[in-house]
Amino acid sequence: MNSSNIYTLSAILVIAAVTFGTRVAPFIFFGKDKATPKYIVYIGNYLPPAVIAMLIIYCLRNVSLFTFPFGIPEILGIITVVVLHIWKRNNLISIICGTIVYMIAIQYIFSNNESIFR
């Protein structure tokens, strides 16, 4: 085994140990009989919406509303996700269907080659 393989194996083992540790830590620190600290409950309530908001801003940061396609595919995808999430309350269905609508819009409807708007 050369040094590259040893390095790769070591990296995999360290990553596996850290991943396992982060999965086990809540059960060790906040077991069945222990009350969950209020700051953990607060983080659990407010961090997911904050992360989603950051992801939305990150994804839309380069969208130009003044050049073709004027952000229409992104708006269609967002509307699909919001409507499906309000209707079904299922994150997986909302994300998958929103992605499908966005990909169809960007690949077939608003593509530069065979767009129906050009």
Side-chain angles (χ1 to χ4, degrees):
M1 188 179 278
N2 63 24
S3 63
S4 177
N5 289 341
I6 292 172
Y7 177 79
T8 303
L9 182 62
S10 300
I12 291 171
L13 290 175
V14 168
I15 292 168
V18 169
T19 302
F20 181 75
T22 57
R23 301 294 190 268
V24 170
F27 295 102
I28 293 172
F29 295 119
F30 313 113
K32 268 186 177 178
D33 300 332
K34 299 176 185 172
T36 305
K38 288 184 180 182
Y39 65 92
I40 296 294
V41 174
Y42 178 81
I43 290 172
N45 289 335
Y46 292 102
L47 193 58
V51 170
I52 295 296
M54 285 189 294
L55 286 173
I56 290 170
I57 292 169
Y58 179 78
C59 290
L60 298 176
R61 73 187 187 287
N62 292 330
V63 174
S64 174
L65 299 176
F66 304 107
T67 59
F68 184 81
F70 308 106
I72 295 172
E74 290 81 8
I75 292 171
L76 290 175
I78 290 171
I79 289 172
T80 303
V81 169
V82 169
V83 168
L84 283 175
H85 190 71
I86 290 171
W87 179 35
K88 290 292 186 182
R89 296 276 180 204
N90 186 321
N91 295 338
L92 191 60
I93 290 173
S94 304
I95 292 170
I96 289 174
C97 291
T99 302
I100 289 170
V101 167
Y102 173 74
M103 292 308 292
I104 288 172
I106 201 76
Q107 294 291 326
Y108 298 110
I109 299 172
F110 297 101
S111 69
N112 289 332
N113 296 333
E114 298 175 16
S115 174
I116 61 174
F117 295 106
R118 292 205 173 213

Legend entry - Distance-minimising heavy-atom pair for Val81 and Ser94: CG2-O, 3.4 Å

Please tabulate, one pair per line, all N/O donor-acceptor pairs under 3.5 Å involving side-chain atoms of residues 35-44, not counting sequence neighbours.
none

Inset, instruction - Examine Ile72 and Ile106 and state if one hydrophobic cluster contains both, with Ile, Leu, Val, Met, Phe, Trp and Tyr joined whenever side-chain heavy atoms are less than 4.5 Å apart. - result: no

Inset, instruction - Would you name the heavy atoms of Phe110 and Pro73 that are closest together and state the gap between them? - result: CD1-CG, 3.6 Å

Inset, instruction - Using atom types as modelled and distance alone, determine if a side-chain donor or acceptor of Arg61 lies under 3.5 Å from a backbone N or O of Tyr58. - result: yes

Inset, instruction - Provide the closest heavy-atom pair for Thr80 versus Val101 in the form atom of the first, atom of the second, distance. - result: OG1-CG1, 3.5 Å

Legend entry - Residues clustering with Ile52 (ILVMFWY side chains joined when closer than 4.5 Å, directly or via others): Ile56, Leu60, Val63, Leu65, Ile78, Val82, Ile86

Legend entry - Ile95 side, atom CD1; Asn90 side, atom CG - distance, nearest 0.5 Å: 9.0 Å

Inset, instruction - Kindly compute the distance separating OG (Ser111) from CD1 (Ile104), expressed to the nearest 0.5 Å. - result: 12.5 Å

Inset, instruction - Could you tell me the separation between the CD1 atom of Ile96 and the CG atom of Asn91, rounded to the nearest 0.5 Å? - result: 11.0 Å

Inset, instruction - Step through the shown structure and confirm whether more than 12 heavy atoms of other residues, nucleotides or ligands are within 6.0 Å of CZ on Phe70. - result: yes

Inset, instruction - Give, for atom CG of Leu9 and atom OG of Ser4, the distance between the pair rounded to the nearest 0.5 Å. - result: 11.0 Å

Legend entry - Cluster overlap Val83 with Ile100, hydrophobic side-chain contacts below 4.5 Å: no

Inset, instruction - Locate the shortest heavy-atom distance separating Tyr102 from Glu74; write the atom from each residue and the value. - result: OH-OE2, 3.6 Å

